[in-house]
Amino acid sequence: MNAAGTLPAWAALLTALFVLIGAAVTLIGSLGLLRLGTFYKRVHAPTLGTTLGMVSILAGSVLCFSVLEARPVVHEILIAVFVTLTTPVTLMLLVRAALYRDRTEGSTDVPAAEVAEDLIPPA
Amino acid sequence: MSPLAILGWAIISAQVMLGLAMCCATYRLVAGPRAQDRILGLDTLYVNAMLMLVTFGIRTGSTLYFEAALVIGLLGFVSTVALAKFLMRGEVIE
Amino acid sequence: MSSGMPLLAIVALPFIGSLVAIFLRQNARNGAAFLAGTIAFCCMVLTGFQYRAVGRGGVLRLSVEWLPTLGLDFTLRMDGFTWLFAMLVTGIGLLVVLYARYYMSPADPVPRFFAFLLAFMGAMLGIVLSGNLIQLVFFWELTSLFSFLLIGYWHHNASARDGARMALTVTATGGLCLLVGVLLIGHIVGSYDLDDVLASGNRVRSSSLYLPALILVLLGALTKSAQFPFHFWLPHAMAAPTPVSAYLHSATMVKAGVFLLILLWPVLSGTEAWFYIVVSAGLCTLLLGAYAAIFQQDLKGLLAYSTISHLGLITLLLGLSSPLAAVAAIFHTINHATFKASLFMAAGIIDHESGTRDIRRLSGLFRFMPITATLAMVAAAAMAGVPLLNGFLSKEMFFAEAAAFHIDSLLDHSLPYFAMLASAFSVAYSLRFIHGVFFGPPATDLPRTPHEPPHWMRFPIEFLVLACLLVGILPAMTIKPFLSTAVRAVLGPDTPYYSLAIWHGFNEPLLMSVIALIGGIALYWALQRHLKKGIDGPPLVRHLKGQRIFERVLVTLSWKWARSLERLFGTQRLQPQLRLLVAFAVLAPLWPLYRQGLEAGSRPGTAFDPAFLLLWIVGSLCAIGAAYQAKYHRLAAMVLMGGAGLVTCITFVWFSAPDLAITQLLVEIVTTVLILLGLRWLPKRIETAGEGLTMGVRARVRRVRDLMLAVASGAGMTLVVYAMLMRPLPDTISRYFIENAYSEGGGRNVVNVLLVDFRGFDTFGEIVVLAVVAITVFSLLRRFRPAPESVAAPEQQQVQDAHDRASLDRAVGDTLADYLTIPAVIMQWLFPVIITVAIYLFLRGHDLPGGGFAAGVTMSIALVLQYMAGGTRWIEARLRIRPILWMGLGLLCAASTGMGAWLFRHPFLTSYFQYLDVPAIGKVPAATALLFDLGVFAVVVGATVLILIALAHQSIRNPRPARRAYTPTMQAVAKENA
Amino acid sequence: MTGLLDHLIIVPILLPLVSGAVMLLLEERHRILKGGIGVATTLGLLAVSIMLLRLADLPPAGPDGSAVSVYQLGNWPAPFGIVLVLDRLSALMLVLTSVLGITSLLYSLARWHRAGPRFHTIFQLQLMGLNGAFLTGDLFNLFVFFEVLLAASYGLVLHGDGIGRVKAGLAYIAINLTGSFLFLIGASLAYGVTGTLNMADLANRIPTLAPGDATLVAAAAAILGTAFLMKAGAWPLNFWLPTTYAAASAPAAAMFAIMSKLGVYVILRLWMLVFGPAAGPLAGFGGDGLLVIGMLTIAFGTVGVLASQSLSRLAGCSVLISSGTLIAAIGTGGGTVIGSALFYLVSSTLGISAFFLLVELVERLRDPGADVLAVTMEAYGEGDDDGPQHEEVGVAIPATVALLGGSFVACALLLAGLPPLAGFIGKFGMMVAMLKTDGATVQASTWMLIGLLTVSGLATLIAMTRSGISSFWARLDDSVPRVRVIEMAPVLCLLLLCLGLTVGGGPAMRYMEATMQALRTPQGYVTGVLSAPRTGSNDGEDSP
Amino acid sequence: MMELVFALAVGILTASGVWLLLRPRTFQVIIGLSLLSYAVNLFIFGMGRLRIGAPPVLENTEAVDPALYTDPLPQALVLTAIVISFAMTALFLVVLLASRGLTGTDHVDGREDGQ
Amino acid sequence: MSWFLPYPLLSAALLALWLLLNQSVSPGHLVLGSVLAVLASWAMAALRPEKPRIRRPGAALRLAGMVLIDILRSNLAVGRIIVRSREPGVNAGFLTIPLDLRDRQGLAVLSVIITSTPGTIWVSYDAAKGTLLLHVLDLIDETVWVRTIKDRYERRLMEIFE
Ligand code: NA
Ligand code: NA
């Protein structure tokens, strides 16, 4: 906490709030990984961290450094943009792959492909 | 308790929460059961780690750690994408 | 002392001649013989002329500085004794050359023969004329070498190869012992110079190292002179062409051992150890050799054993340590050389003209080659010690010495009887040589019809036999002056009175001679029936074949034992090696720690931080999980490893290393993609049911041991790290870096200034490593043959393509398109973004975390992402990437930036920076370090892309199956698929 | 710094680098051009190394008597910046490297350079790595150059492909990576305790350490020692060595002859410098260990030589004997033995290198033609696109078998340490020096070492005779293999050098003794490195 | 306090890495080498001791006080080590693939134990 | 002009990126950023992607605002499900939606919106049939979800991109 010593009280408290909210939301999201029963349900959970959790913590950071350096420090926006752009890519590819795997194993929990009888491994 | 001390405690609590979040992700990483669960765990771990870095920046009052977080934010998904594609197609670059 | 230059010529001429001979045409028999003869003649004449100098007791010396720091000069030295020996070597050499000219077949590569012969002569002269002991050993080993080449001259013949190898092994072993012995003598004396050594006899004999030195020197001498129990190599050396036997095994090579004993006689002799060792070796050899000679069926074998026996006689004489015995030894050395050389040559003629050397087949040759037969008879008589021949004279002296009193012991007292017995044997085998070959009914079934050889082939024998006769009849007028010169040179003031005469009156030796002669004749007569049976080898000891024992011991020691020892103390497998390396690395530092203990440090630690603890709970779980899963669940292991890597990155951030975190993260990403690219070519490991249960006891032990090793190394690292972290940082050189980073390095990010300036040379090396590895990977993948199981497209693709094919409204590849189209759009958006971030990281590196390496990796991730999104063909239709060019240019950029400093007369990599004033923009930093970093950037991009792309290209290459077929695996695969 | 001549020290590093980089810009098909550049570069290296050798051998110029030339990279003074240090020892190793370099390169021009892409670049960078490792005065920079030369050596081991090479390469890489980790751990631990990476500065700081810290330095030295011993091929860390060297292509193996010597060099350099008599409690640290390990290595190498079934494995095992001999010599206390040991180092390196080159030629005797075919098959796979296949360099030489035989005999003599070649002098010199105890009784270990040296020579002789006879004398057919001048000449050159070392043993030995004297008095090195002035004025960046 | 956690972390990474290094499968070895490289990087890093919030990036450029910054040298060393171990991982990977292709097994010795 | 600035919007975004990264609007960074933005857009041009045509920037902004609110709401909803419910995700299920949107860029944006909203995830898109397979964590009424996606997002996206 070497540089935060100059932070005014309101900023400190607000930052604390943002950070705590963000961390809590992220924790809840990750908790979802434990609590949710199947992969397709679990895949929703981390989104909490990549949306509200992240934005909240980044907001805390923007606030803190803008006040500290007495100028708008907003480059955290970039992180938000990047994460928002990239997380869907990961999740989409991952869920689709999981779907493929489940289908080839003949799982009944997933919607079947149109020509399911062809999904047998080649001899 | 001064507001600054509250901030200090808040950040430490936040870091502990993020740490716990990472532990949750690690559970999926270690326990699976399927490969996709592990990859999802890794992806979550990356995001949590990135947030941890941001809180660390606030904690030390330094913007020097920003780029590390930025790199995770921008490029962290590449390895997960590669893993996911490997699951789906059996190879990363076709 | 007069000039020693002729000595140099005597030693050098044969070697020069040898070099010339080797370049002669293969069929230049006459030329080579003429060359060799001329050289031998010149050497002989040169040696002869030196008699003026040494005849009066002078010593010739030539010393050239050679290895002064080791106290070693190249010294040649000649006194009366060595003169005599040199005459013997050159003279008999000349005769042998003459003989060999006729003996050798034009079909053989004769120039090579003469080259070896000349080189051998040079080496032998080198031994004889060496002025210091090390140099003597030097030439000693050379004679072993050239004798090896000469014995193996007819190497298409297996016995020649074996004989040569045995001779070399035995004599070179002796030579090495001799080297150590000589080293000891030099150590005692403080000099290797022969004159110094000869003057320090008392000091040597009283030294505590005398016995080991003596034994080692004797090992050298006895092996060379084929003394019991090392005698067995000589008969097998008879596979050599006969001129070689005549030269090496009568006059030179085997005499080197005797020569050495005589040479060092003043230094080493006179002790009990000397007496017992040398006398018993000599006596055994004398008796055994003579006994065995009687029963040989091969003419040359008979001569070989006879040689062994005569050498034993000389050794025995030397062992007696009395001056008179030494005189007898020297005299007999000369005599033996003359008659034995002529006998060998005669045997060669018989072999040459009749086609065999087997005494059983030879008979009645006298009528075919009367002159040769007569000559051989005279020489054999000399060998048997018949009066009026030179052999008789020295044998008389031997008998006299054997009868004399030396050291009161059973050995000493029994000597006369043994001497007579051996002498009788020698009469018997001489008789057999003559009677068996030249008399009896004429042989009928010989391969060739024998006749007299060409005159010049016989000439050397005639000459030598004449010498035998002259010395035997007129010793005082022929040999006496030379002998006395030699004796005086060895014995110096101790030279005793001796007389060289045919007749000394009726005395003990004469009686012994007569008994021996009669006994020998009687023995031969008595053995007639046994010999007619034609059994090769002597009775009783026939089965005790030294050669076979030697071979067996050699094979056991040098092959069987060596192989089992190698297996026992070595391994060809990787795991034990790594295990040993790790164990060594754990134990080696433990030693000082154990001896001196490890103190805890005094540095106050950081405060407790629960988040960091949580972080490493995560990290540890990941690490242990990766270790657990890596065998069967590779993907899981990779993911877990990624987790551990991520936690490592956070740790870097935690403790103030943002640069490290960024770089580690980027590398982490690239590594994941890389290993995944590889995983495609690594067929799955299937965990067979019950594999864990059926694990053998040995495997369990191995695992427990590995676990212990792993835990030990982990504990060791923990211990050392903790000890280090808890002690204060010493006054490090880093202070300088922090203080000067900005003022002299022009950057605020000290780590980056270190990388591109203070320690830019490390970075320079590091990019070279990257480049080399990339090239290696590239060239390895050029010829990559995937595992057959992985040649086909991955199972997923086959399934999906089959699905596409089966659906009416889908084309092959639609599943892939559906899978990737939408994500690929986003991935393409990111392409320019990542490039921009890469440039950002590059430009800010000098002042803030970032730099060329991070930027380069980022840039290559941008490219790889597009490869993943669009596929290799898609991207390469659009972008032309030439990574090797990037690497080359990058290396050149970094190097030329560094060399640019030379223009300002500064050392390589000296940086220069300034703030440039650009209108409207302001101050712009311009640093050469940035240029250097640009080179780093280019190399990193080139290398990373090259590695990844080369791997990716395997998928679109025509798969080529592994060249080596390994059927079992293929069958297994087929079975699995069925 | 005034003229270009002042930068001569760094030329052995830069020249191959630039040459290698330039060759990267050339397409694969310009093989002949690349060969020309490679040969020119390597010849240049040889010339520069010889100049540096003469420079290093000059008597100390200044009144301070600094016996070393120092090159401050980036114009940063030691101990802060990285320095290159030229003394007799490093100059000697440079010359040795470039001699092996030129001979191996010429040899490879006959055909090996066509057996895989980018051979010439890798080869030049191998030279660069070796030269850098010999020149650097900084512990971590040494690591970097180790990695450069190892990376290049991985490339060379795998050059030419084939199952044996890949198998051996895998083990080689795994082991060396582990060794590199040990190097890193040891070097950083040494830094953590002493606060410096400069070797001269280390020597300066170690005597002043607190006892607890000294223990940690000793631990660091033990870890580093493990890594170096592994690279030097010391038992029990050496099982990879014969396999790898035997699997490598002939020119690569010939270059590797100096790589094991690099491990020895570093041990010699560091131990003499850092644990010399002035090192306080750590003086002579680990000497006994080195002696024991060295002797065990000789013994194992001897056994290995005898048990070898192929010539190349025999050559590999004789590397072990050579390394063991040198390690034991260092372990004897670093006295006057070092002088002769260096002589031995040179002659055995040249001999082993020549032998590795020769082995491939001799093996052609066994089945002429098949070998050429095998290489072609290996190199080109099934119709790969690696350019002209039957391009021949040089002409086949007459009297092939005789020349091969003569060279084989010479190698046997060199490796066994028998006269008349230089191996004899080295071994003899070491024995003499070991016995020179100034009146004190000779220790039992010395006798054992002398015995081992003798036995190892004998074993080598037996093994060489055995394999030589089966290669040359017991052939079934008398056909003469095709050997080209460009293959035979390097072998003969190396052997002639050894012969030259015998004849001109005096001056060579004097150089070695001077080297030994300098190593025994490390203060000259330390002062020379640490007191070298910076170029130009103090405000370095403004002066140009 | 955190020193102990750090030291244990290095130890656990080392132990896992060494365990894998000694396994017979090439893939295990490559993962082991990676884990070991984390351990070694942390080890080197630790040699500069642990400081929180003192990254070696100069804040003001006049009158620099070295006590305010953590030791930059180990960081530079780690950077070099990271790069080199990345390169070596790539190389090892490709060699293990080649070995698998040529020998038909992923055993480090290129043949199964019993063979 | 199009060869020089093939993607003006992209270049503008990259310039913004540069300035944000450097946290500076100094002339130097403006110049450098512009140069880099142009260069990077050339790199993009090499990949020859389809040119996105954004017709109604205003609609885009409105959509963005709406999505942000949806995301916030979904966060709370999903958070509640994870923390509160005894058996979280009991109502989860797959859902197929026929889409009219065909523009790839538009679909990409839709995928980002759907996936970024907690509780819904884009599983796969069948280009031939134009159907989207979704997974929804709290799937009580399918029609509500279909309407939400088609009306709230797809329609607006089609306005913007087509
Ligand atoms: Na007969
Ligand atoms: Na979502």
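In the text below, chain A, chain B and the rest are named by the order of the sequence lines, each starting its count at 1.
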Exercise for review: Could you tell me whether the side chain of C/Arg680 and the main chain of C/Ser790 form a donor-acceptor pair under 3.5 Å?
Suggested key: yes
Under a 4.5 Å heavy-atom cut-off, does chain E meet the side chain of [X], its backbone, both or neither?
X        : value
C/Pro576 : neither
C/Leu674 : both
C/Arg603 : side chain
C/Asn740 : neither
C/Leu719 : neither
C/Phe608 : both
C/Phe758 : neither
C/Val582 : side chain
C/Thr606 : both
C/Tyr722 : both
C/Leu754 : side chain
C/Trp616 : side chain
C/Gln629 : neither
C/Ile767 : neither

Review point. Among C/Leu725, C/Leu679, C/Val721, which residue forms the greatest number of heavy-atom pairs with chain E at distances under 4.5 Å?
Key: C/Leu725
Exercise for review: Go through C/Ala626, C/Pro683, C/Ala637 and name the one with the most non-hydrogen pairs under 4.5 angstrom from chain E.
Suggested key: C/Pro683
Practice item. Give the member of E/Val95, E/Leu13, E/Leu97, E/Leu96 that has the highest number of heavy-atom pairs under 4.5 Å with chain C. Key: E/Leu97
Study note, to complete from the structure: Greatest number of non-hydrogen atom pairs under 4.5 angstrom with chain C, of E/Ile84, E/Thr70, E/Val78, falls to E/Val78
**Study point:** C/Tyr628 atom OH, neighbour heavy-atom count above 12 within 6.0 Å
**Key:** no
Check your understanding: Given E/Ile44, which of E/Thr80, E/Leu79, E/Leu77 fulfils the side-chain contact (heavy atoms from CB on, under 4.5 Å) condition?
Key -> E/Leu77
Review point. With side chains defined as the heavy atoms from C-beta onward, is the minimum distance between C/Leu770 and C/Phe853 less than 4.5 Å?
Key: yes
Practice item. Flag this pair as yes if the NZ/CZ of C/Arg748 is under 6.0 angstrom from the six-membered ring centre of C/Tyr742 and inside a 45 degree cone about the axis; otherwise no. Key: no
Salt bridge [X]-[Y], side-chain N to carboxylate O under 4.0 Å:
X        : Y        : result
C/Asp706 : C/Arg579 : yes
C/Arg759 : C/Glu766 : no
C/Lys684 : E/Asp106 : no

**Study point:** Any donor-acceptor N or O pair under 3.5 Å, side chains C/Asn749, C/Asp659
**Key:** yes
Review point. Is the distance between the ring centroids of C/Phe612 and C/Phe655 less than 6.0 Å?
Key: yes
**Study point:** Pairwise salt bridge (charged side-chain N to carboxylate O under 4.0 Å, His left out) hits with a residue in residues 34-48 of chain E, at least two apart
**Key:** none
Review point. With only heavy atoms counted, which part of E/Leu20 is less than 4.5 Å from chain C, the side chain, the backbone, both or neither?
Key: side chain
